[in-house]
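Along the sequence shown, the residues carry numbers beginning at 1. These values consider heavy atoms only, across backbone and side chains, with no hydrogens, waters or symmetry-generated copies.
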Amino acid sequence: MFRIIFFFVFLFFINLPNFSQDDKPGYMFRLYLRDKANTPYSIDNPEEFLSQKAIERRKKQAYSVDSTDLPVDPQYMSAIREKGAEIKAVSKWLNTVSVYFPDSMMVKSVKELPFVDSVSWVWIGKLSDWEKPEHVEGIDVEVTEASPDTSFYGSAYDQIHLNNGDFLHDTGFKGEGMTIAVIDASFTSVEKIDAFDPSRILGYRNFTHQGYIPFSKDNEHGTKVLSCMLANKPGKMVGTAPDASYYLIQTEVYNEEYAVEEDYWIAGIEFADSLGVDIVTSSLGYTEYDAPSMNYSRRDLNGKTAQISKAASMAYRKGILVFVSAGNEQNKDWKTISFPADAENVVTVGAVGSQKEIAYFSSFGCTSDGRLK
């Protein structure tokens with residue numbers, strides 16, 4: 001048994017990058033667990049791990065609470081921590097735990113746990129680079145507003161009209177009563193933009209190792225996505241669903257690309273599900289990583305290979321309407337859609353111009369198993 005485990009560890013680590021002793025990084029690994037055999041939770045008592053809103057949405061959409069809804073066994077979590085692991089992300093749907101070790105060889109100890117089926121490497125770096133500051137000064141970020149426009153929708157008119165959003169608004173559909181989770185990068189200056197009604201933002205959570213400062217200046221992509229829906233400043237910009245309520249969820253690490261971001265995304269969408277959101281929208285996609293051994297191939301675009309795509313499909317089976325971007329790969333070598341745009345039953349959204357021509361960057365094409373997206 002010892003020889004088998006040693007051989008596994010040897011093969012596993014010959015592919016990891018080499019660093020000098022003075023700049024030794026830490027590692028994150030995804031642990032695939034065998035079961036939930038000893039869980040103290042029961043699907044007969046879903047209120048212990050789901051909000052009433054989440055339970056009611058399942059009933060409304062004719063989906064039952066099942067074993068995938070049960071939290072990861074807390075005894076397993078404790079045993080993993082006892083091996084020196086720092087837990088960074090958890091998926092109850094896929095029964096995985098993503099952990100950090102300061103020394104890559106420490107993963108051998110968790111691989112030997114009887115409930116761990118397999119392990120994959122998902123991140124390398126120095127967590128010290130991302131430590132949360134003890135004190136955070138006010139962040140001064142310049143907010144530029146769109147030029148005034150004579151129309152009611154302002155700079156959003158073309159995109160609203162292109163999708164008949166103005167017709168929907170005229171008939172009373174502005175998102176009232178709907179709860180939307182936006183899964184993205186950080187949401188720079190959201191608290192400063194007067195086009196956003198702060199009462200419509202129900203909460204914010206960062207699932208990454210990048211720190212936990214709400215509305216930081218790290219990346220404004222999430223803010224721009226949110227503005228397409230929540231903005232409500234007639235003459236300048238009015239979004240598609242200004243009367244909806246929103247949760248802002250950060251899962252993207254803005255200046256690096258590793259497979260652990262899929263784990264953060266999955267944790268984010270499971271969190272959104274537990275809150276009972278009706279819709280998830282995410283303008284994120286993954287194909288290639290900073291570590292080439294983590295990369296996907298186009299044949300993996302079947303909705304069943306990538307962890308993130310499995311989770312996106314499962315969210316649909318929990319009664320959530322999921323929108324994901326097709327990707328920005330047309331002018332790159334990859335060309336086609338990214339993950340989780342290949343997931344079954346999610347709405348995969350490409351980009352077009354005001355004349356309905358496909359944008360030069362927008363991904364296109366079918367999944368590897370022939371489904372049209």
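For the residue pair H169 and Y153, a side-chain donor N or O sits within less than 3.5 Å of a side-chain acceptor on the partner. Side-chain atoms of E261 and T251 form no donor-acceptor pair, as typed in the model, at a separation below 3.5 Å. Y264 and Q210 share no donor-acceptor pair across their side chains, judged by distance under 3.5 Å alone. A donor and an acceptor atom, one from each side chain of H221 and Y254, are nowhere located under 3.5 Å apart. With 3.5 Å as the limit, one finds no donor-acceptor pair spanning the side chains of S368 and N302. If you check the side chains of Q250 and Y204, you find a donor sitting under 3.5 Å from an acceptor. Side-chain contact of D197 with Y246: a donor-acceptor pair under 3.5 Å is absent, judged by distance alone. T179 and K53 share a side-chain donor-acceptor pair at under 3.5 Å. When only modelled atom types and interatomic distance are considered, S64 and K59 share no side-chain donor-acceptor pair under 3.5 Å.
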Determine, step by step, whether S98 and D263 satisfy the side-chain hydrogen bond (donor to acceptor under 3.5 Å, both in side chains) criterion, reporting the C-alpha distance in whole Å, the side-chain angles of both residues, the deciding distance to 0.1 Å, and the verdict. CA-CA 7 Å; S98 300; D263 301 334; 2.7 Å; yes

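Judged purely by atom type and a 3.5 angstrom limit, R371 has no side-chain atom pairing as donor or acceptor with the backbone of C366. At least one donor-acceptor pair under 3.5 Å links the side chain of T348 to the backbone N or O of A341.
The minimum heavy-atom distance linking Y258 with V122 is given by the pair CB-O, 3.2 Å. Nearest heavy-atom pair across V352 and I358 is CG1-CA, 4.1 Å.
Just one of Y286, Y289, W265, Y296 meets the ring pair (Phe, Tyr, Trp, His ring centres under 6.0 Å) condition when paired with F339; it is Y296.
Both the sub-6.0 Å distance and the 45° axial angle are satisfied by R205 relative to the ring of F271. For the pair R298 and W334, the distance from NZ or CZ to the six-membered ring centre is under 6.0 Å and the angle to the ring normal is within 45 degrees.
In this structure, L113 and I80 have side chains that are in contact, with non-hydrogen atoms separated by less than 4.5 Å. Under the 4.5 Å side-chain criterion, counting only non-hydrogen atoms from C-beta, F196 is not in contact with F187.
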